[in-house]
Amino acid sequence: MNEGKVNSRISGLRDLEPDARRAVLGQAAGVCDTDLAVLAGGGALATETANGMIENVIGCFELPLGVATNFIVNGQDVLVPMAIEEPSVVAAASNMARIARGCGGFHVTSTAPIMRAQVQVLGVADIEAAKARLLAEKDAILALANAKDKVLIGLGGGARDIEVHLFAETPIGPMVVLHLLVDVRDAMGANTVNTMAETVAPMVETIAQGVVRLRILSNLADRRLVRAHVRLTPEALTTKTRKGSDVAQGIVEACALAMVDPYRAATHNKGIMNGIDPVVLATGNDWRAIEAGAHSYAARGGCYTSLTRWEVDDKGDLNGVLEVPMAVGIVGGATKTHPAAQAALAMMGHPSSERLGQVIVAVGLAQNLAALRALSGEGIQKGHMALHARNIAIMAGATGADVALVANAIVAAEDISLGQAKQVLAGL
């Protein structure tokens, strides 16, 4: 890892052209020219490679790849690649990271990389007795599971424990579900736990005296949690028009609605995932699994609620916490086959899966901070639309240097619309 060599505080990056940005970032992160060329896109993923990744390949689809700056996570600088089509996300995350930077950055902790596999058993006459028999045979079940993956065992991972869940009343009768808890180390873990579940299924079936049906992982990775915390002083939150204490109180009040109202929580958490998903995607991880886990975790209490909590402490400082399941890996899957994912991980200093998850959750917390700060103040649209102006200019037909000219003009006119952009372009 090259975290110690990185300085993520890069001023004026947005004013440069893409080629110049890559050069600056390459120097800041110690990324080689080969990886920088891959990050430039334009055919980095060969059709031949893509054809081996999924079915019925006809080509490759690209998204803009940006880099969030200013992040300090657990005392170490990191540059964060983000693949996303939505304007304002990268800028907002970078801006909040700059504010947090002056207050020590983000502090993040992780639990062990434990994933669950579920083995469903039907047709059991006495589910309580079946549970007792399964628990009594735990050691044998774990030994069989671990015999399937010697490599994982050699790396310090493997099946650690079992749980047995009973469902007395279901649409198809009583059900016994065995959970296999597996330490997957630096992998996301889906293939590992699925294979183990299928391996132990015949033994589970015999012990439970029923019929096994499903043998599959759960994406509710509630044993694989990452918790990010940030503390911001009122001085750090002060703007030209608002006192820091007022900004902090506004953020707390905005979060309070998401804590009690699922309609608000859905959009609140979508904003968090605006920060999380682009990093997951850029590093070749499964963003659908992360989304499923996060939203399931948000509803674990029986009502869908905010994934973050914000409060003002006795000193007047604003404290924010985000806790979310984070099943990401750095081995296997697209993280190894996609050259851009490899280059993105290189930019981050070749992190472990634990470190990668910590950075991702820090970005999610930063993005939530940005959204709540805007919503509780001038509203979300002013800043978002200003950054959307370039898209409007392109839609109006602007190309090359005219894109910036048209975008700046419609922002200055406070009329960020397609009609205004066309009018400005016609006058150039």
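Every heavy atom of this structure was used, including side-chain atoms; hydrogens, water molecules and symmetry mates were not.
- No donor-acceptor distance shorter than 3.5 angstrom exists from the side chain of Arg242 to the backbone of Lys240, with no hydrogens or angles considered.
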Walk me through it: do Met348 and Leu79 pass the test side chain to side chain contact (heavy atoms under 4.5 Å, CB included)? CA-CA 6 Å; Met348 299 179 76; Leu79 292 163; over 6 Å; no

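- A salt bridge does not link Arg300 to Asp222: none of the charged nitrogens lies less than 4.0 Å from a carboxylate oxygen.
- Using a 4.5 Å heavy-atom threshold, the side chains of Val176 and Phe167 count as separate.
- A donor atom on one side chain and an acceptor atom on the other are not found under 3.5 Å apart for Asn70 and Ser8.
- Judged by distance alone, the side chains of His295 and Glu291 do bring a donor and an acceptor atom under 3.5 Å apart.
- Using a 4.0 Å cut-off between a side-chain N of Lys or Arg and a carboxylate O of Asp or Glu, Lys315 and Asp317 do not qualify as a salt bridge.
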Show the numbers, then the answer: is there a side chain to side chain contact (heavy atoms under 4.5 Å, CB included) between Glu163 and Arg116? CA-CA 10 Å; Glu163 296 175 353; Arg116 293 176 183 267; 2.7 Å; yes

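- Ionic pairing of Lys243 and Glu235 is not present here: no N-O contact between side-chain nitrogen and carboxylate oxygen is shorter than 4.0 angstrom.
- Heavy-atom neighbours of Asn191 CG from other residues, nucleotides or ligands within 6.0 Å: at or below the threshold of 12.
- Within the structure, the ring-ring contact (aromatic ring centres under 6.0 Å, His included) test picks out the following pairs touching residues 51-80 (sequence neighbours left out): Phe71-Phe106.
- Salt bridge Asp183/Arg185: present, at least one basic N to carboxylate O contact under 4.0 Å.
- Under the 3.5 Å distance criterion, with hydrogens and angles disregarded, no donor-acceptor pair is assigned to the side chains of Arg264 and Ser306.
- Remark: Ile84 pairs with Glu86, Val89, Val90, Pro278 by the side chain to side chain contact (heavy atoms under 4.5 Å, CB included) rule, at least two apart or across chains.
- Inter-residue side-chain proximity for His268 and Asn368 is flagged as met; some heavy-atom pair is nearer than 4.5 Å.
- A donor-acceptor contact under 3.5 angstrom links the side chains of Gln358 and Ser110, judged on distance only.
- Contact check for Thr283 versus Val328: no side-chain heavy atoms found under the 4.5 Å cut-off.
- Heavy atoms from other residues, nucleotides or ligands lying under 6.0 Å from CD1 of Ile58 number 12 at most.
- A 4.5 Å side-chain heavy-atom check between Arg373 and Val247 finds at least one atom pair inside the cut-off.
- Under the 3.5 Å distance criterion, with hydrogens and angles disregarded, no donor-acceptor pair is assigned to the side chains of Thr49 and His338.
- Checking side-chain atoms of Asn319 against main-chain N and O of Leu232 turns up no donor-acceptor pair under 3.5 Å.
- If you take CZ on Arg227 and OG1 on Thr109, they are separated by 7.0 Å, rounding to the nearest 0.5 Å.
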